Amino acid sequence: MPMAADDIAALIREGIPDAAVEITDLAGDGDHYAARVTSASFAGMTRVKQHQAVYAALGGRMGGVLHALQLTTAVPK
Amino acid sequence: MTEDVQARIDAVVKNNPVVLFMKGSPLFPQCGFSSRAVAILQHLGVAFESVDVLQDQGVRQGIKAYSDWPTIPQLYVGGEFVGGSDIMMEMYESGELAELVQGYAKAE
């Protein structure tokens, strides 16, 4: 069952409370999204660690029900 | 036996300077993200070893545990996990990836 954009954003905010999340539906099939996640908690973390934090918030859905999530992470300026 | 798979993966990662675990092969990538990763490495002109995870379900699942990273492709440079397709693209655009692979052998 593909995921809705709002569910993705909600899960990420649940796991990373201060995150600003922007979701773009790339293909309209509920399966290909781009997400931009900005959070102060990322400061000092490598990109890999930042992405892993987002995947942890998605609780193992990444690579499963959520096939393609193009992820960009950033620290607020 | 997962230990055996982890050991096999570890050997490949440690014995090859640049390794891309991907779906399919550089000539016949089987997934958009994998083909983008191959294109980036070819553009950088660095020699790299590729592992087709579709040929070995043990490696396909084991690599995700090995790096604690849920998707394929996965790039390793100098025995270290660098990232998946998104991070490769970000690093490529910022020039970090070119810098990272600078000291490594060029593709013929």
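In the text below, chain A, chain B and the rest are named by the order of the sequence lines, each starting its count at 1. Just so it is clear, the model here is predicted, and its values are computed rather than measured.
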Pick from A/His51, A/Arg47, A/Met62: which one has the most heavy-atom pairs with chain B under 4.5 Å? A/Arg47
Going through the distances and angles, do B/Arg8 and B/Asp56 end up as a salt bridge (Lys or Arg N to Asp or Glu O under 4.0 Å)? CA-CA 11 Å; B/Arg8 271 194 292 132; B/Asp56 183 332; 2.9 Å; yes
Would you say the rings of B/Phe48 and B/Tyr104 are close, in the sense that their centroids are separated by under 6.0 Å? no
May I ask you to name which of B/Pro70, B/Gly84, B/Ser85, B/Gly83 has the most heavy-atom pairs under 4.5 Å with chain A? B/Pro70
What part of A/Leu69 lies closer than 4.5 angstrom to a heavy atom of chain B: side chain, backbone, both or neither? backbone
Side-chain ion pair, B/Asp68 and A/Lys49, N-O less than 4.0 Å: no
Name all residues meeting the side-chain hydrogen bond (donor to acceptor under 3.5 Å, both in side chains) criterion together with A/Ser41; count only those two or more places apart in sequence or in a different chain, and write none if there are none. A/Ser39
